[in-house]
Amino acid sequence: MIVRKGLLIGVPMLLASLLQLTVLTRLGLPGATPDLVVVTVVAIALAMGPIEGAAAGFAGGILVDLSPSSDSVIGINAILYVAIGFIVGYLIETRDRTTWSTIVFSAFSCAAAALVSAVVDAMLGSPRIIWEAVPVVTLTSALYGALLARVVIPPIVWLVGKLASEALIDA
């Protein structure tokens with residue numbers, strides 16, 4: 001069972017980080033880069049709960065932090081994504097989940113990740129923060145998060161539900 005959970009968390013996080021770093025960063029969209037990793041963390045947290053959401057956040061954050069294109073302090077994204085995964089998994093019960101709530105939580109999580117990351121980087125003395133661009137980046141990150149939620153969350157929730165029901169049948 002633990003191997004199945006590890007695969008359900010690890011494989012989507014690896015795919016999301018690879019797609020984000022290789023495809024989405026090169027699209028040249030205005031504002032922020034769509035944050036597929038955060039949306040995947042939200043999807044896993046919604047499907048599996050707060051502990052698994054935090055584990056997904058840690059995995060996704062470390063993958064982003066260790067990527068060659070990252071210029072932030074290692075561990076900042078991991079801590080931030082752990083918080084996002086835990087909070088989203090804790091706040092929404094599976095039976096209370098609606099399409100609109102998943103979109104709102106995904107958009108809010110992407111915006112929070114962009115804003116908190118900028119604030120923490122500025123506090124650590126990063127010269128790359130342009131405060132005039134932070135509102136635009138935060139808003140576009142929320143918009144992209146809402147759009148990605150409709151594509152990412154349903155398949156992950158379905159996959160987790162399918163494999164969880166198979167685990168109950170096997171037991």
- prompt: Hey, is the main chain of Ala78 close enough, under 3.5 Å, to the side chain of Asp65 for a donor-acceptor pair?
  reply: yes
- prompt: Is Ile103 reachable from Leu148 through a run of I, L, V, M, F, W or Y residues, each pair having side-chain heavy atoms under 4.5 Å apart?
  reply: no
field: Linked, directly or transitively: Val41 and Ile74 (ILVMFWY side chains, under 4.5 Å)
entry: no
- prompt: Under a single-linkage definition using a 4.5 Å side-chain heavy-atom cutoff for Ile, Leu, Val, Met, Phe, Trp and Tyr, are Leu80 and Phe108 assigned to the same hydrophobic cluster?
  reply: no
Considering all heavy atoms, the nearest Leu7-Pro12 contact: O-CD, 3.6 Å
task: Report yes or no: does Asn77 contribute a side-chain atom to a donor-acceptor pair with the main-chain N or O of Val64 at less than 3.5 Å?
output: no
- request: Compare every heavy atom of Ala118 with every heavy atom of Val134, then report the nearest pair and how far apart it is.
  value: CG2-CB, 4.2 Å
- prompt: Sub-3.5 Å donor-acceptor pair from the side chain of Ser141 to the main-chain atoms of Cys110, do we have one?
  reply: yes
message: Going by the rule side chain to side chain contact (heavy atoms under 4.5 Å, CB included), which residues pair with Leu8 if we only count those two or more places apart in sequence or in a different chain?
response: Arg4, Met48, Leu159, Val160, Leu163
- prompt: With a cut-off of 6.0 Å (strictly less than), are more than 12 heavy atoms of other residues, nucleotides or ligands near CH2 of Trp131?
  reply: yes
statement: One should read off an interatomic distance between Glu52 CD and Leu46 CG, to the nearest 0.5 angstrom, of 12.5 Å
message: Which heavy atom of Ala56 sits nearest to which heavy atom of Ile9, and what is that distance?
response: CA-CG2, 3.6 Å
query: In terms of hydrophobic clusters joined by side-chain contacts under 4.5 Å, are Val38 and Leu24 together?
result: yes
- line: In this structure, CG of Leu19 is separated from OG1 of Thr40 (nearest 0.5 Å) by 8.5 Å
task: Calculate, to the nearest 0.5 Å, the distance between atoms OG and CG belonging to Ser17 and Leu36 respectively.
output: 8.5 Å
message: How long is the straight-line distance from CD1 of Ile153 back to OG of Ser106, given to the nearest 0.5 Å?
response: 4.5 Å
task: Compare every heavy atom of Ala142 with every heavy atom of Ala111, then report the nearest pair and how far apart it is.
output: CB-CB, 3.8 Å
task: Answer yes or no: is there a side-chain heavy-atom contact under 4.5 Å between Phe105 and Leu91?
output: yes
- prompt: Do Trp158 and Val39 sit in the same hydrophobic cluster, where Ile, Leu, Val, Met, Phe, Trp and Tyr count as joined when their side-chain heavy atoms come under 4.5 Å apart?
  reply: yes
query: How long is the span from the CD1 atom in Ile62 to the CE atom in Met13, to the nearest 0.5 Å?
result: 11.5 Å
- prompt: Closest heavy-atom contact between Gly60 and Tyr81?
  reply: C-CD1, 3.9 Å
- line: Residues passing the side chain to side chain contact (heavy atoms under 4.5 Å, CB included) test with Pro155, sequence neighbours excluded, are none
query: So, for Pro50 and Tyr90, which heavy atoms are closest and what is the spacing to 0.1 Å?
result: CB-N, 3.8 Å
Name each donor-acceptor pair under 3.5 Å that joins a side chain in residues 25-32 to protein atoms two or more places apart or in another chain, with its distance.
{"from": "Thr25", "atom 1": "OG1", "to": "Leu21", "atom 2": "O", "distance (Å)": "3.0"}
{"from": "Arg26", "atom 1": "NH1", "to": "Leu21", "atom 2": "O", "distance (Å)": "3.3"}

query: Hey, what do you get for CD1 (Ile92) to OG (Ser101), rounding to the nearest 0.5 Å?
result: 4.0 Å
